[in-house]
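Bear in mind that the values here come from a model prediction, so they are computed numbers and not experimental data. The chain is numbered in sequence order, starting from 1. Note: hydrogens, waters and symmetry copies are ignored here, and every other heavy atom, side chains too, is used.
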Amino acid sequence: MQAHLPDPRDERGKRHNLAFVLTSLLWALLRCGGQLSISRLHRWLVREHDWLVDQTGEMSRKAISHSQLRRVLADLDYTRYNGLSEEFFGWSAQVEGVWRSVDGKELRGSINGVSGQKRGEVLVRLVGHEDALAQVLGFYQGQKESERTLVEEYIQAQSTGSLQGECWSLDALFATPALLRALQEAGVNYVVGLKANQAELLTQAQALREGEAHFDWAQLEKGHGRVEQRHYQGYELPLWQVDARWDRSGLVSIVWVERNRFRTKDGKTTQESCCFVSNVNLEGLGGLVLAGAIRNHWRIESDHYVRDTTAGEDGIRCGHGNRLRSVASVLNVGLNLLRAADRKGNLRAYWEDCSADRQNVVDSWRRT
């Protein structure tokens, strides 16, 4: 797979094969057990070099140096790397009815607080609600660019019909006529949060609550020191009530969610009301499908937490944007491999097992 990546290095004096370096880097990531840094990855790469040479037959007498590894990462075509990874492992393959969350995660190690920076590099991904496997949509610079623009450009860049039947959940940032129109025209089923950023549409959604709901369902969950009840009510959105700028967005449904949470430790109770819009009809099982998609949108936030704490991604201090994007791309592949192989659902424990025993990494590599 990685042999198809373009290598921008000058052929003169090139000592290390790019595909072997990237394979070694991914192997080092799987073996390190988390808490990443480029130096830590390089140390594991050096430890595993001789074994990898024996397994692959690569003619490499010595591991790549730390400084040269940083240069390779700085020049890597991470967009092509992500595309090849998704194609090889089938992570971007369309599966009808499977919902995925869209969101961005700031790479805090790219923020230079000394110079007064408030934003840094941002990674935008699709994360599966059920399996948590992630697909990289792209990166943007938080101080200059927009997450919404990146997602819209990604949709427009796809071939006709390639997104047909996909199911995406998005937060209120994406509730704009242009983006929802792009999703509708691409054939994507969506559910999107609605807040005061679209005040007129939100007012119309609030007025619908005075009528009878077409879908009404309650859910009770206990765990993690709290009891939470969610009440879902779905309403059909009449086309004549929608402003003309939303005409081609496919809006047909409004879902209101009332959350009542009781914290067992101190008896504190909180209540929250949230609104969502969708192009999925409420008829049949449509209401239950939307309720499940809304409930499971949190999965991408859980994945952000794994990258921050278990992987230690935010601790990777790097002022070179391209280098940090490359490391984030390799990490995405590594976490997908770990999740696909982990049968107990405890990624941290499984990653530690991979660090303790090389055979666990071999097994996970073979399974995928």
Side-chain angles (χ1 to χ4, degrees), residues 1-3 5 7 9 13-76 78 81-82 85 107-111 120-121 123 306-339 341-342 346-366 368:
M1 174 193 79
Q2 294 170 136
L5 279 171
D7 190 345
R9 296 177 296 170
K14 185 166 64 176
R15 297 174 56 189
H16 303 283
N17 179 277
L18 179 62
F20 181 72
V21 170
L22 294 176
T23 300
S24 301
L25 182 64
L26 178 57
W27 185 268
L29 186 146
L30 295 173
R31 288 281 282 139
C32 75
Q35 297 306 310
L36 303 179
S37 70
I38 296 178
S39 296
R40 180 177 171 81
L41 288 171
H42 181 259
R43 289 194 295 272
W44 272 100
L45 186 151
V46 173
R47 291 187 191 112
E48 297 291 294
H49 176 264
D50 291 344
W51 185 86
L52 286 170
V53 167
D54 290 338
Q55 297 299 309
T56 62
E58 177 68 24
M59 301 296 293
S60 176
R61 294 185 300 170
K62 187 178 179 181
I64 189 171
S65 68
H66 180 266
S67 59
Q68 186 62 33
L69 175 63
R70 294 174 68 87
R71 282 193 286 270
V72 167
L73 291 171
D75 295 335
L76 179 66
Y78 54 83
Y81 176 84
N82 288 320
S85 301
L107 306 177
R108 295 188 182 94
S110 64
I111 301 174
E121 299 291 335
L123 164 66
V306 169
R307 294 180 73 107
D308 288 344
T309 59
T310 304
E313 184 175 41
D314 283 349
I316 304 176
R317 309 298 297 179
C318 183
H320 196 294
N322 201 90
R323 185 181 297 133
L324 197 55
R325 292 181 180 193
S326 298
V327 174
S329 299
V330 175
L331 175 59
N332 195 71
V333 176
L335 289 177
N336 279 353
L337 287 171
L338 290 169
R339 283 200 168 96
D342 180 19
N346 189 334
L347 187 139
R348 181 190 291 272
Y350 184 71
W351 205 349
E352 290 172 353
D353 291 343
C354 289
S355 181
D357 187 352
R358 183 188 289 137
Q359 188 59 42
N360 288 317
V361 185
V362 174
D363 292 342
S364 63
W365 204 282
R366 286 173 177 168
T368 53

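Shortest non-hydrogen contact noted between Ile111 and Arg317 is O-NH2, 3.3 Å. Here the shortest heavy-atom pairing between Leu30 and Leu338 reads CD2-CG, 3.8 Å. Nearest heavy atoms, Asn322 versus Asp75: ND2-N, 4.0 Å. Minimum interatomic distance between Ala63 and Leu45 (heavy atoms only, all atoms of both residues): CB-CD2, 3.9 Å. Contact between Val53 and Phe20 at its shortest, heavy atoms only, is CG2-CZ, 3.9 Å. Contact detail for His42 and Ser65: the closest heavy-atom pair is NE2-C, 3.3 Å.
The structure places CZ of Arg71 at 10.0 Å from CG of Leu69, a figure rounded to the nearest 0.5 Å. Between atom CG of residue Leu123 and atom CZ of residue Arg325 there is a gap of 9.5 Å, rounded to the nearest 0.5 Å. Rounded to the nearest 0.5 angstrom, Thr23 OG1 and Leu52 CG are separated by 8.5 Å. In this structure, Asp363 CG and Asp353 CG are separated by 11.5 Å, a value rounded to the nearest 0.5 Å. Summarising the geometry, atom CE belonging to Met59 is positioned 13.5 Å from atom CZ belonging to Arg15; distances are rounded to the nearest 0.5 Å. Between the CG atom of Leu331 and the CG atom of Leu26 there is a distance of 10.0 Å, given to the nearest 0.5 Å.
At least one donor-acceptor pair closer than 3.5 Å links the side chain of Arg31 to the backbone N or O of Cys354. For the pair Ser110 (side chain) and Glu121 (backbone), a donor-acceptor distance under 3.5 Å is present. Remark: the backbone N or O of Thr309 is paired with a side-chain donor or acceptor of Gln35 at under 3.5 angstrom. A side-chain donor-acceptor contact under 3.5 Å links Arg307 to the backbone of Ala328. Not a single donor-acceptor pair under 3.5 Å links the side chain of Arg323 to the backbone N or O of Cys318.
The shortest side-chain heavy-atom distance between Val333 and Leu29 does not fall under the 4.5 Å cut-off. A heavy-atom distance below 4.5 Å is found between the side chains of Leu73 and Leu25. In this structure the side chain of Glu48 never reaches within 4.5 angstrom of the side chain of Ser24, judged on heavy atoms. At least one side-chain heavy atom of Leu76 sits less than 4.5 Å from a side-chain heavy atom of Leu22.
Under the 30°/60° scheme for interplanar angles, the aromatic rings of Trp51 and Trp27 are found to lie parallel.
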Candidate pair Asn336 and Asn332, rule side chain to side chain contact (heavy atoms under 4.5 Å, CB included), full reasoning: CA-CA 6 Å; Asn336 279 353; Asn332 195 71; 3.8 Å; yes
Chi angles and distances behind the side chain to side chain contact (heavy atoms under 4.5 Å, CB included) call for His49, Val46: CA-CA 5 Å; His49 176 264; Val46 173; 5.6 Å; no
Trace of the side chain to side chain contact (heavy atoms under 4.5 Å, CB included) decision for Ile316 with Leu107: CA-CA 9 Å; Ile316 304 176; Leu107 306 177; over 6 Å; no
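Between the side chains of Ser39 and His66, at least one donor N or O sits under 3.5 Å from an acceptor N or O.
Residues that satisfy the side-chain hydrogen bond (donor to acceptor under 3.5 Å, both in side chains) test with Ser37, not counting sequence neighbours, are absent from this structure. Listed by chain and residue number, nothing satisfies the ring pair (Phe, Tyr, Trp, His ring centres under 6.0 Å) test with Trp44 (two or more places apart in sequence, or in another chain).
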